[in-house]
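As structure tokens, the structure follows; a few thoughts come after it.
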Amino acid sequence: MAAMLNRRSFLKSLAAGAAAWMFARPQWARAAANDAKPNFVVILADDQGYGDLGCYGATKIKTPNIDRMAAEGMKFTDFYASTPVCTPTRSSLMTGCYPRRIGLEKHVLFPNSVIGLNPDEITIAELLKALGYATACIGKWHLGFQAKFLPTRQGFDSYFGIPFSNDMSLPADMTFAKDVKLAEGMTVENLKGGGKAGNTVPLMRGQEVIEYPVDQATLTERYTAEACRFIAANKDKPFFLYLPHTMPHYPLHISEKFKGKSQAGLFGDVIECLDWSTGQILQALKESGLDDRTLVIYTSDNGAAAGSSGPLRGKKGSTWEGGVREPCIMRWPGKVPAGAICKELATIMDVLPTLAKLAGTGAPADRVIDGKDIRPLITGLDGAKTPHEAFFYHSAHGKLAAVRSGNWKLHIASQDLPSKKKGKNDPPFETQLYDLQADLGEKNNVAAEHPDVVKRLTGLMEKFDAEIKANSRPVGKI
Ligand SMILES: [Ca+2]
């Protein structure tokens, strides 16, 4: 209860501050006051790898729009998702916290999960909405399917998308999700698949299922059209657009328009469609005259499942770099220097504190927030350094597995998904130390040569582990 009161009073104080400021000015100045707040667009790909974009070294897949976004903005080389899987990383983007901090570290949610993102958490959408922002979530949510966990209950004015991964189905028994509405004439019993056929995913608007199963082939294009409409409709007030694409998570789907267009098969077609979509978003911003008032961020929720990790070791689900290091591009003409490359460590948890500052406030102060304000990095401040002394890697099931501090990375537990269970005769996991500057591919274990570094990094992990155990908050339950 205390947490809820804190959340309410925090949001109320933000809203009151914004209102007082607005009403102290004459009518003509109110639009200008809003103009001063930047817009934010966060585009999140699903399972896109570090090496799947042209500007990150892809050669067969063409991504001219995203490459242009990088040329006009900043490309991050050391940007991390908080975990190697969907749900936990998305919870970090929404709250600025490690998933363990908020009880969502244990792998992904399923349609019949009875937990979700705790409504007591302050999401980035709630924070910005309290400041007068229009907010929209268009795409895959994956932070709880029951009505109380859906985007429209977590700070988004509107929601259009699929509530979980595109390889999941509505459960046959929907009684636990009774607040989720079905469109007129649709009943659980007559839904094709009924949860048994697999890959029968619902499309929702607000809290209502409007199409089942969704036609996934046109999903990226429909999300894009919805996003462009939202931008045009809100061009006169500040907005936050969260666009978590369904692709390129398996199963891959593409419309006829994009089929066979790339030189890299269906996967390449799907990425090129995401690139087209990004171009449409940038075009919509330009047409609305919002280029220099909008920060656009493009990244992915975890490493490659089907695609390429580029020079990195490992893939989705692992705590090798390929599981968690993501492509990330930020573009804001006039504010983010063009053609810049940021090699400092930053994370998806930093988005909330940074956007909060850019909007004129700060991250919630009544609770631990793990992310940091990275405005010095994105504005290209001379000599700006990462605000993170260390970044902690958790396995797909929430186990603390590795730490990075500076260029050193120490692994203390297995990096693989539990599905790849160890055999009885496998050797015990050996502590591994890598120098990421000299050995980006994590091939040369130098633990034996640097016992002092192993000791220092082990200490950082122990300290972090004790702190997060003492200061974690409960997951949301129905
Ligand atoms: Ca994912």
Side-chain angles (χ1 to χ4, degrees), residues 42-53 56 66 79-95 98-99 102 104-111 113 116-117 137-145 149 151 161-169 199 201 214 216 219-220 223 242-254 266-267 270-271 273-274 277-278 297-310 312 314-328 347-349 351 393-398 401 415-420:
V42 177
I43 305 170
L44 187 71
D46 193 344
D47 291 8
Q48 183 171 80
Y50 194 76
D52 290 331
L53 299 174
Y56 280 83
I66 298 171
F79 190 90
Y80 289 88
S82 60
T83 75
V85 281
C86 305
T87 297
T89 292
R90 284 150 201 269
S91 78
S92 293
L93 174 59
M94 284 298 111
T95 64
Y98 280 107
I102 54 173
L104 272 172
E105 77 277 18
K106 292 190 180 70
H107 206 228
V108 302
L109 296 180
F110 288 88
S113 293
L117 177 61
C137 175
I138 300 169
K140 170 176 144 179
W141 177 237
H142 216 183
L143 291 170
F145 172 52
F149 302 131
I162 66 168
F164 34 71
S165 289
N166 63 335
D167 58 347
M168 298 175 176
S169 307
N199 300 346
V201 184
V214 65
Q216 292 201 38
L219 213 39
T220 301
Y223 288 166
Y242 174 42
L243 179 56
H245 282 292
T246 294
M247 295 292 136
H249 192 286
Y250 263 51
L252 298 174
H253 289 274
I254 195 80
L266 179 57
F267 182 80
V270 164
I271 299 291
C273 182
L274 292 177
S277 169
T278 305
I297 301 175
Y298 185 100
T299 189
S300 177
D301 68 337
N302 51 253
S308 162
S309 299
L312 309 178
K315 289 205 160 189
K316 175 183 182 180
S318 90
T319 50
W320 297 114
E321 292 295 288
V324 279
R325 199 193 283 215
E326 306 304 328
C328 179
T347 84
I348 203 162
M349 297 179 284
V351 172
Y393 303 68
H394 292 81
S395 73
H397 286 253
Q415 302 87 351
D416 292 319
L417 281 168
S419 56
K420 294 176 189 164

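All ligand and atom numbering here is 1-based and tracks the order in the structure.
With the Ca ion (ligand 1) as vertex, Asp47 OD1 and Asp46 OD1 subtend 80°, rounded to 10°.
A donor-acceptor contact under 3.5 angstrom links the side chains of Gln48 and Tyr298, judged on distance only. No hydrogens or angles considered: nothing links the side chains of Glu326 and Tyr56 as a donor-acceptor pair under 3.5 Å.
Counting just the N/O/S atoms of Asp301, the one with the shortest distance to the Ca ion (ligand 1) is named OD2.
For the Ca ion (ligand 1), the N/O/S atoms of Cys86 include one lying under 3.0 Å. When distances to the Ca ion (ligand 1) are checked against a cut-off of 3.0 Å, Thr89 contributes no N, O or S atom below that limit.
Ring planes of His245 and Tyr223: tilted class, angle from 30 to 60°.
Side-chain N or O atoms of Asp167 include none that pairs as donor or acceptor with a backbone N or O of Pro251 at under 3.5 Å.
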